[in-house]
Amino acid sequence: MSPYTVPLVSTLPPPYPVTVPEGAGRLGGGPFLEPGALVRWRFRRFDYDRHRTEVVQPMRVVRDDASGAVLWLPGGTRLQNSRIRGYEDVNPHDVPFDVRFRPAETALPRVNVPGTWTGPGVLRIVPTGLPFSVWVFRGEDGGFRGWYVNLEHAHVRAFDADGIADHYTSDHTLDLWITPDGAISFKDEDEVAGSLAGGMWTEEIARVVRREADLAIEAWHTGHWAFDREWTQWAPTGEFAEPITLI
């Protein structure tokens, strides 16, 4: 992989606090995981302390070092999702905005529900200390479709009693899509507007998230290693090709 020779550093504070286990450490600081090791990717909402539900996605390590982690989520892997009670079987994007986007004090109860990752699987690249991850999407034929840049809390890592790593982050709603030829577009801007209109987000939160988008675009234009085209050629073999049954 071609390294990014001038480190990209984020000085942005997280847009809101998220509860993580005591002792969770910054990604990239070690101990590092061997290829094939299992990781649980945990998305926690800003109001996690109220409902204690979270999205949990098991993955396998492709690479893990000081620059960050590369993880693989195979198709067919069992997941845990967080859903609003009464909307357990509804795609979250189809839940009405006045139900989804409420301040923590008036948010509706949430529950954990089982799920499955559908499709051919996705490679996720998590740069150390940066508020986004890069997801390499392929079509059913295996062809590279583009980079999905998920804006989120910079990851921290903790280990359970069995030595399995947990990555903690929080999704920031706004995302980017970058085509193979480099065209960049925003995704879910309507949901950002809904978060503001419903009082779930403040203008300051939205400002920080938009700065995260600027940082991700800078990373793309300056050739950050997370966008190295060699990752678009990576393909799972052996145990990487099998769904994970950690949940």
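Nothing here was measured: the structure is a model prediction, and the numbers come from that model. Sequence positions, counted from 1, serve as the residue numbers for this chain.
- The two residues R145 and P180 make their nearest non-hydrogen contact at O-CD, 3.2 Å.
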What verdict does the side chain to side chain contact (heavy atoms under 4.5 Å, CB included) test give for R110 and R52, after you've listed the backbone C-alpha separation in whole Å, the side-chain angles of each residue and the deciding distance to 0.1 Å? CA-CA 8 Å; R110 303 182 73 90; R52 295 285 169 170; over 6 Å; no
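- Using modelled atom types, no side-chain atom of D47 and backbone atom of A104 make a donor-acceptor pair closer than 3.5 Å.
- For E105, the CD atom sits in a packed shell: over 12 heavy atoms of surrounding residues, nucleotides or ligands are nearer than 6.0 Å.
- In this structure, the side chain of T128 engages the main chain of S67 through a donor-acceptor pair within 3.5 Å.
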Given L71 and V61, is the side chain to side chain contact (heavy atoms under 4.5 Å, CB included) satisfied, shown in steps? CA-CA 5 Å; L71 307 172; V61 172; 3.8 Å; yes
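- The CD1 atom of I125 lies 12.5 Å from the CG atom of L130; values are rounded to the nearest 0.5 Å.
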Would L174 and D188 count as a side chain to side chain contact (heavy atoms under 4.5 Å, CB included) here? Give the steps. CA-CA 5 Å; L174 186 66; D188 300 326; 5.5 Å; no
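- When side chains are defined from C-beta on, Y48 counts as touching E54, because their heavy atoms get closer than 4.5 Å.
- A heavy-atom distance below 4.5 Å is not found between the side chains of Q57 and T77.
- You'll find the side chain of W231 reaches within 4.5 Å of the side chain of R63, heavy atoms only.
- Rounding to the nearest 0.5 Å gives a distance of 11.0 Å between OH of Y168 and OG1 of T19.
- Cluster membership check: L73 shares its hydrophobic cluster with F137, using side-chain heavy-atom separations under 4.5 Å among Ile, Leu, Val, Met, Phe, Trp and Tyr.
- You'll find the side chain of F43 reaches within 4.5 Å of the side chain of N150, heavy atoms only.
- Using a 4.0 Å cut-off between charged nitrogen and carboxylate oxygen, E88 and R83 do not count as a salt-bridge pair.
- Contact check for P15 versus E204: no side-chain heavy atoms found under the 4.5 Å cut-off.
- A salt bridge between R40 and D160 is present, with a side-chain N of the basic residue lying under 4.0 Å from a carboxylate O of the acidic one.
- How far CG of L123 is from CH2 of W135: 12.0 Å, rounded to the nearest 0.5 Å.
- In this structure, G129 and A154 approach most closely via the heavy-atom pair C-CB, 3.9 Å.
- Counting only heavy atoms from C-beta outward, the side chains of L38 and P58 never approach each other to under 4.5 Å.
- A continuous path of Ile, Leu, Val, Met, Phe, Trp and Tyr side chains, each step under 4.5 Å between heavy atoms, connects I184 with V136, placing both in one hydrophobic cluster.
- In this structure the side chain of R85 never reaches within 4.5 angstrom of the side chain of L108, judged on heavy atoms.
- A donor-acceptor contact shorter than 3.5 Å is absent between the side chain of T169 and the backbone of H155.
- Judged by distance alone, with hydrogens and angles left aside, the side-chain atoms of R157 form no donor-acceptor pair with the main-chain N or O of G25 at under 3.5 Å.
- A distance-only check finds a donor-acceptor pair linking the side chain of R78 to the backbone of I247 [under 3.5 Å].
- Heavy-atom minimum distance, R138 versus P120: O-CG, 3.6 Å.
- The two residues A216 and L151 make their nearest non-hydrogen contact at CB-CD2, 4.3 Å.
- S170 and Y16 are linked by a side-chain donor-acceptor pair at a separation below 3.5 angstrom, with hydrogens and angles left out of the test.
- In the hydrophobic clustering of ILVMFWY residues, with side-chain heavy atoms under 4.5 Å counting as a link, L79 and M59 come out together.
- Residues P96 and Y87 share a closest heavy-atom pair of CD-CE2, 4.0 Å.
- Using modelled atom types, one finds no donor on one side chain facing an acceptor on the other under 3.5 Å when comparing R124 with S133.
- Formation of a donor-acceptor pair under 3.5 Å by the R211 side chain with backbone atoms of R207 is not found in this model.
- Connection of V149 to W234 is established within a shared hydrophobic cluster, with ILVMFWY side chains joined at heavy-atom distances below 4.5 Å, either directly or through further cluster members.
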Decide yes or no on side chain to side chain contact (heavy atoms under 4.5 Å, CB included) for V209 and V192, but give the supporting numbers first. CA-CA 9 Å; V209 170; V192 173; 5.6 Å; no
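- Minimum heavy-atom separation, V126 to W225: O-CZ2, 4.5 Å.
- Side-chain contact between R100 and M200 is absent, with no heavy-atom pair separated by less than 4.5 Å.
- Without hydrogens or angle criteria, D162 side chain to I164 main chain gives no donor-acceptor distance under 3.5 Å.
- If you take CZ on F32 and CG on L27, they are separated by 8.5 Å, rounding to the nearest 0.5 Å.
- Atom NE2 of H153 sits about 11.0 Å away from atom CG of D171, to the nearest 0.5 Å.
- With a 6.0 Å radius and a threshold of 12 heavy atoms from other residues, nucleotides or ligands, D214 has its CG atom above the threshold.
- With hydrophobic clusters built from ILVMFWY side chains whose heavy atoms lie under 4.5 angstrom apart, F132 does not share a cluster with V20.
- Here F144 and W147 bring their ring centres to under 6.0 angstrom of each other.
- Between the OG1 atom in T173 and the NZ atom in K187 there is a gap of 13.0 Å [rounded to 0.5 Å].
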